[in-house]
Amino acid sequence: MPELPEVETTLRGIKPHVQDRTVIKVTVRHHQLRWPIPRDLNQCLLGARVEDITRRAKYLLFHTTSGTLLIHLGMSGHLHLLTGYIRPKKHDHVDIELDNHQIIRFTDPRRFGAILWTIESPEHHSILKNLGVEPLDRNFSAHYLWESAQHRKVPIKSLIMDNKVVVGIGNIYAAESLFLARINPNQPAYAVSKEQCVDLVRVIKRVLRKAIQQGGTSLKDFLNSEGKPGYFSQYLQVYGRQRLPCYSCGTCLSSVKIGQRSTVYCPNCQKETK
Ligand SMILES: [Zn+2]
C-alpha cells in the first residue's frame, strides 16, 4: 500500500513537470473507484492550469485555476507521468493530458483509490477537514502527542495510527518507529511517558524523512513515480521479521495483532513500562 513517503515521493517526482501546465484532455476509462469519479471531470479540468500540487495526509491536491483535484492512491494506486501516449493497459483508469503533451496516468488494479473534485477550499472538504496534524510539521511535537495520549487506553501503536491524531503513519512506519524508540506497541497510550513521547516523535520524523529520501517504499511491487523501485525495505528493523532475531539484542521477534494489524516487536528491547 502506498504510504505517506511514497505519496510524498510521487508529489516531488511529478510536480516540476505538471506545475503551470494546462489540462487539454481528460480520459476516464473506469469511473468506479472507492467513490465514483465525477462524471463531469473532463469539463471541470479542461483548460484549467495547475498552479500547485501539495499533499495532505495521503491525498495529493492539484490546485488549479478552476478548482482542486484530490487524488488518493488507495491500496494499489500509482501515478505515472508519460512523456507521450502509450496504449493503456487494463488498470490504467484515468489519463490527464497537459499542454506539453505529457500525460498523468492513474493506475489502480484494486480500485480503492479516489479521484475527487472540489471548487471549495480543499481543507474544508469532508474527507480532509477532520484530519489530525501532519507528522513532519512542527505541530506534531512530543507535547502534542503526550496530550493526545492522556486518558486514552488504546495501545500506543493504535494512537499513532489514528488519523484524527496524526496522519499518514501506516503499519510499517508505526512498527519501525516504536522499535527504534524502544516502546512496546501494546503499551496503553496514557502510560507512555513524556520522555518516551520525545523519543517517539523524533524517530517517527526521522523514519519518514529517511523513507522519503530513499524514494519511499516498503513493498516489493512499488515503483516510484519515475519507475524506479524504492529502497526503504532494506532498512526495516522489525516489519515482516517475526521469529527472526532482533538486530539489536538477538532475541526472537514476536508478533501480536493490534487493531487487526499484525505488529512485530522485540519483547526484550520493547518491554512494557508501568
Ligand atoms: Zn531486541
Side-chain angles (χ1 to χ4, degrees), residues 1-6 8-9 132-136 140-150 152-163 165-222 229-274:
M1 185 191 322
E3 301 252 17
L4 186 142
E6 288 84 67
E8 181 68 26
T9 303
V133 299
E134 286 286 330
L136 295 173
F140 180 57
S141 63
H143 182 72
Y144 171 84
L145 181 62
W146 185 79
E147 279 210 317
S148 308
Q150 295 315 295
R152 296 289 304 271
K153 290 180 189 156
V154 294
I156 183 64
K157 179 169 181 255
S158 303
L159 188 85
I160 61 173
M161 290 181 69
D162 180 351
N163 270 334
V165 175
V166 54
V167 298
I169 303 177
N171 203 34
I172 298 169
Y173 298 105
E176 292 297 303
S177 299
L178 287 162
F179 173 76
L180 294 170
R182 302 173 73 90
I183 298 170
N184 188 287
N186 248 329
Q187 175 108 3
Y190 70 84
V192 174
S193 70
K194 278 190 174 168
E195 291 71 28
Q196 287 179 314
C197 286
V198 170
D199 289 343
L200 185 52
V201 166
R202 191 185 296 138
V203 295
I204 287 171
K205 288 177 194 277
R206 196 173 73 211
V207 163
L208 290 175
R209 286 209 184 96
K210 194 166 157 192
I212 292 166
Q213 230 175 39
Q214 276 146 7
T217 221
S218 21
L219 297 183
K220 290 191 283 294
D221 64 352
F222 177 78
Y231 296 100
F232 191 72
S233 54
Q234 297 172 17
Y235 298 90
L236 296 175
Q237 305 282 313
V238 285
Y239 183 85
R241 298 194 63 245
Q242 58 271 26
R243 294 188 298 278
L244 292 171
C246 169
Y247 286 136
S248 178
C249 74
T251 302
C252 181
L253 297 177
S254 300
S255 179
V256 63
K257 284 246 190 248
I258 299 176
Q260 285 144 11
R261 306 295 302 274
S262 85
T263 305
V264 182
Y265 71 102
C266 173
N268 181 43
C269 293
Q270 295 169 271
K271 288 199 177 88
E272 267 198 64
T273 52
K274 295 281 178 287

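Just so you know, ligand 1 is whichever comes first in the structure, and atom 1 is the first atom listed for that ligand. For the numbers below, each heavy atom of this structure counts, side chains included, while hydrogens, waters and symmetry mates do not. Here the structure is a predicted model, which is why all the values come from computation and not from measurement.
- No side-chain heavy atom of Lys157 sits under 4.5 Å from any side-chain heavy atom of Asn186.
- By the 4.5 Å heavy-atom criterion applied to side chains, Glu8 and Leu208 are not counted as neighbours.
- Side chains of Val201 and Ser141 form no contact here, defined as non-hydrogen atoms less than 4.5 Å apart.
- The side-chain contact (heavy atoms from CB on, under 4.5 Å) test with Gln242 singles out one residue from Val264, Thr263, Val256, and that residue is Val264.
- Gln150 places no side-chain N or O within donor-acceptor distance of the main-chain N or O of Glu147, the cut-off being under 3.5 Å.
- Note on the Zn ion (ligand 1): protein N/O/S atoms under 2.8 Å are Cys246 SG, Cys249 SG, Cys266 SG, Cys269 SG.
- Looking only at side-chain heavy atoms (C-beta outward), Leu178 and Gln270 come within less than 4.5 Å of each other.
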